[in-house]
There are 2 protein chains.
Amino acid sequence: MNSTPPIAGPSTRPRRVELAALRQRYETELLERVVPFWTRHSPDRENGGFWNCLDRDGSLYDRTKYGWLQGRQVWMLAKLYRTVDARAEWLDLAVSGMRFLREKALRPDGRLPFSMTADGRAIYVQRKIYSECFYVLALAETARATGEAAHAREAEEGFERVWSWAFDWTRVGRPSFPGETPKRSLAVPMILLNLIEELHDGETTRHAARIEECLHLVRLHVRPEERLVLETVGADGETLDSAEGRLLNPGHAIEAGWFLQHWAQRLGRADLSAEAVRIVRWSFERGWDAEHGGLFYFLDAAGHSPLPLEWSMKLWWPHAEALYAHLLDYSLTGDPADWEAFRRTDAWTFTHFPDREHGEWLGYLDRRGEVTHRFKGGPYKGCFHVPRALWLCWRLLQKLEASAALIDDSRT
Amino acid sequence: MNSTPPIAGPSTRPRRVELAALRQRYETELLERVVPFWTRHSPDRENGGFWNCLDRDGSLYDRTKYGWLQGRQVWMLAKLYRTVDARAEWLDLAVSGMRFLREKALRPDGRLPFSMTADGRAIYVQRKIYSECFYVLALAETARATGEAAHAREAEEGFERVWSWAFDWTRVGRPSFPGETPKRSLAVPMILLNLIEELHDGETTRHAARIEECLHLVRLHVRPEERLVLETVGADGETLDSAEGRLLNPGHAIEAGWFLQHWAQRLGRADLSAEAVRIVRWSFERGWDAEHGGLFYFLDAAGHSPLPLEWSMKLWWPHAEALYAHLLDYSLTGDPADWEAFRRTDAWTFTHFPDREHGEWLGYLDRRGEVTHRFKGGPYKGCFHVPRALWLCWRLLQKLEASAALIDDSRT
């Protein structure tokens, strides 16, 4: 359990033809079925930025815009422009979204609304830091895509602001009450790790101490003896004796796993890499529904009923995150267990989420896998998890295909 | 549609034997299966007040206490003591809960926590008024049960405070943002109507103008041409073109229906009575799941997917509210449609929610009626909707049984 997972022999590796078919499927899904849904239906030509509430066929069912999703879509389109294909359409939309956020939604105190009117007036500002995190992602990636120095500077400034808030949310207006137990959320160090990676394109020295701090904080949530990752722990990482302290969010832990794995690779740390693999495997084992397939949204570590009413639902994003996490781990370990986990996730995901008629993925299924919500975009679902996972998997499948070609060639 | 529903002839009325069996079932459920669950498992003998997070068998799975539920349980037990049976156990527990709230949980500004530690220290204070509403209910009913004049006075003071906050939640700390659409929630006038009814035991003159205002505000949510009740409308009652503006909460509207009906009866208003009947009928027609039975939690008036992830779940409380609303309407209209609605709700409810092994009801089922959460008590489920509905129905069934006895006797 504490050693690096063993490398499997070449006989268990998928052959080139299988990898080529997968690579082709991910490429088609990303470039022909998912991204076009958003470029076709989401642009708000009048105000700039993107419509978020898009029904199954792309039609608009609500004009509210959501801050997380605006920033995430800017990031995604700028990333595709810079790493896949320099299409003017992608850059123009990213720039439109960036301008909307920067000129219409950003508030004087550096806060971004969670929800806003079509022209950017705040409807609600969360007492959380996520809108601002995704704003920094958007700035950093558009800065690279456009060469705009002001955006790069503002991304760094925005990151400093987010960091100054991140460990004390009273700074973003959260009140403090005498009966509260000091606690830590997995989400905070996770998103900071992703933010630092994106801020300087994976550069490891600029925020070295902060990277170490966040890696430490993520690891406070890991319980090797129980093979699980807790969503919330006490201030010193202790287990809290409450429903909140027992809550598991397997998809979130799996996402944390690949964030950690990226840093393990960048920093060249085998121990961290092995731990990241275990985090993904444990969360997948624990989160997979043996009866109906798919990953549960929430679980309780002691088997109580989780308090969230939607705990047994199957959401698109844990499956998207698991696809990439397993594939990444397989690419590093060569272990058939990681490949099997990827194929199992891939099979369930592709038979349940993609909409063959209108493109993009449905987001919300009940425990049995039946669609409960027909929309493609809503307050928490936008142009992010699906295209990000497809893009990451596609690039990795290209590499695996290339190495398989060498191996296959050497066999003949 | 605008006339009082026709009174059905005696031939369609349920016979005395059917009413007697129902009355007996409701009595047993209330007094032998539901109330004992709470008196046995919920008392916190050390701190006073009640444990709220009770698992299926009554065992404690979290020590957090919830403000809504503390006040509601005090109200329920004091009500049972005063109207059913002067059992010392019920009064003692009500007094213990009242003392816990008044001495340990109440804050100097008159606010009550939503969640708190076992000894009453605030974990979270909502920017809403509901904890305080249920505190006033508890004060008013314990004042009547104990004759404690200080409680009666504090109930009136507490009500004045709630009223001063009710139509402007910035007074309880809710921020205001420039993009917000001024809007009205059905919940506010509804709960105020219930509060005024409970405050002086149905007396109609003390807050006459406020009763009229709340009746007017509830009616702003009713759309006769579409046969539905909107949860949220604009400041002047206009329909909002958004997911929020289209949201239906059938169980909530049904509960509003019987709150209105109580006032219609107390004020002797036939038009209001007929409107209250229609509100219940429309919400029941709209909310009933033709495929799997039971009432949906949320719907969208235009048929879009409601945004809440749990929209298709079947919760205990809409069914509890519908039982009493239909029975009350039947007792007034004599219309077989209301009786049929009561029997349909009763059949689905009693085959799905009650726990025959440990007492009380399960609270959360999926759309198909399968249990998703095994606990009996949680942050929003306590000793309230189930015993209140059983108590109200039982009393009404006693009256219906008595009149049926007269009719049946006159037939022989």
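Chain letters run A, B, ... following the sequence lines, proteins first and then strands; every chain starts at 1.
Atom CZ of residue B:Arg63 and atom CE of residue B:Met116 lie 14.0 Å apart, to the nearest 0.5 angstrom.
For B:Tyr124, the parts sitting under 4.5 Å from any heavy atom of chain A are the backbone and the side chain alike. Neither the backbone nor the side chain of A:Arg174 has a heavy atom closer than 4.5 Å to any heavy atom of chain B. Only the side chain of B:Arg368 comes within contact range of chain A, with at least one heavy atom under 4.5 Å from a heavy atom of that chain. When heavy atoms are compared at a cutoff of 4.5 Å, A:Pro178 approaches chain B by way of both its backbone and its side chain. Contact of B:Arg107 with chain A is made through the side chain alone, with heavy-atom distances under 4.5 Å. Of the two parts of B:Arg246, only the side chain, counted from C-beta on, holds a non-hydrogen atom closer than 4.5 Å to a non-hydrogen atom of chain A. Looking at B:Phe375, both its backbone and its side chain come within 4.5 Å of chain A, counting heavy atoms on both sides. Only the side chain of B:Met313 comes within less than 4.5 Å of a heavy atom of chain A; its backbone N, CA, C and O stay farther away. Using a 4.5 Å cut-off between heavy atoms, B:Arg374 touches chain A through backbone and side chain atoms alike. If you measure heavy-atom distances from B:Thr117 to chain A, the contacts under 4.5 Å come from the side chain alone.
In summary, the aromatic rings of A:Phe37 and A:His358 are positioned with their centroids too far apart to meet the 6.0 Å limit. Separation of the B:Phe353 and B:Trp316 ring centroids does not fall under the 6.0 Å cut-off.
Of the residues considered (A:Pro113, A:Ser115, A:Pro306), A:Pro306 shows the highest number of contacts with chain B, using heavy-atom pairs under 4.5 Å. With respect to chain B, the highest number of heavy-atom pairs below 4.5 Å among A:Tyr364, A:Trp311, A:Tyr380, A:Tyr297 belongs to A:Trp311. The candidate with the highest count of non-hydrogen atom pairs below 4.5 Å against chain B, out of A:Thr372, A:Asp119, A:Leu315, is A:Thr372. In terms of non-hydrogen atom pairs under 4.5 Å with chain B, the most contact-rich of A:Gly363, A:Ser242, A:Gly378, A:Ser312 is A:Ser242.
Listed here is the closest heavy atom pair of B:Trp51 and B:His41: CD1-O, 4.2 Å. Nearest heavy-atom pair, A:His292 versus A:Trp348, reported as atom, atom and distance to 0.1 Å: O-NE1, 3.2 Å.
A 4.5 Å side-chain heavy-atom check between A:Arg72 and A:Tyr66 finds every atom pair outside the cut-off.
Side chains of B:Asn52 and B:Gln70: a donor-acceptor N/O pair is present below 3.5 angstrom, by distance only.
Within a 6.0 Å sphere centred on CG of B:Asp241, heavy atoms belonging to other residues, nucleotides or ligands number 12 at most.
Note that B:Lys65 lies in the cation-pi zone of B:Phe100, set by a 6.0 Å cut-off to the ring centre and a 45° limit from the axis.
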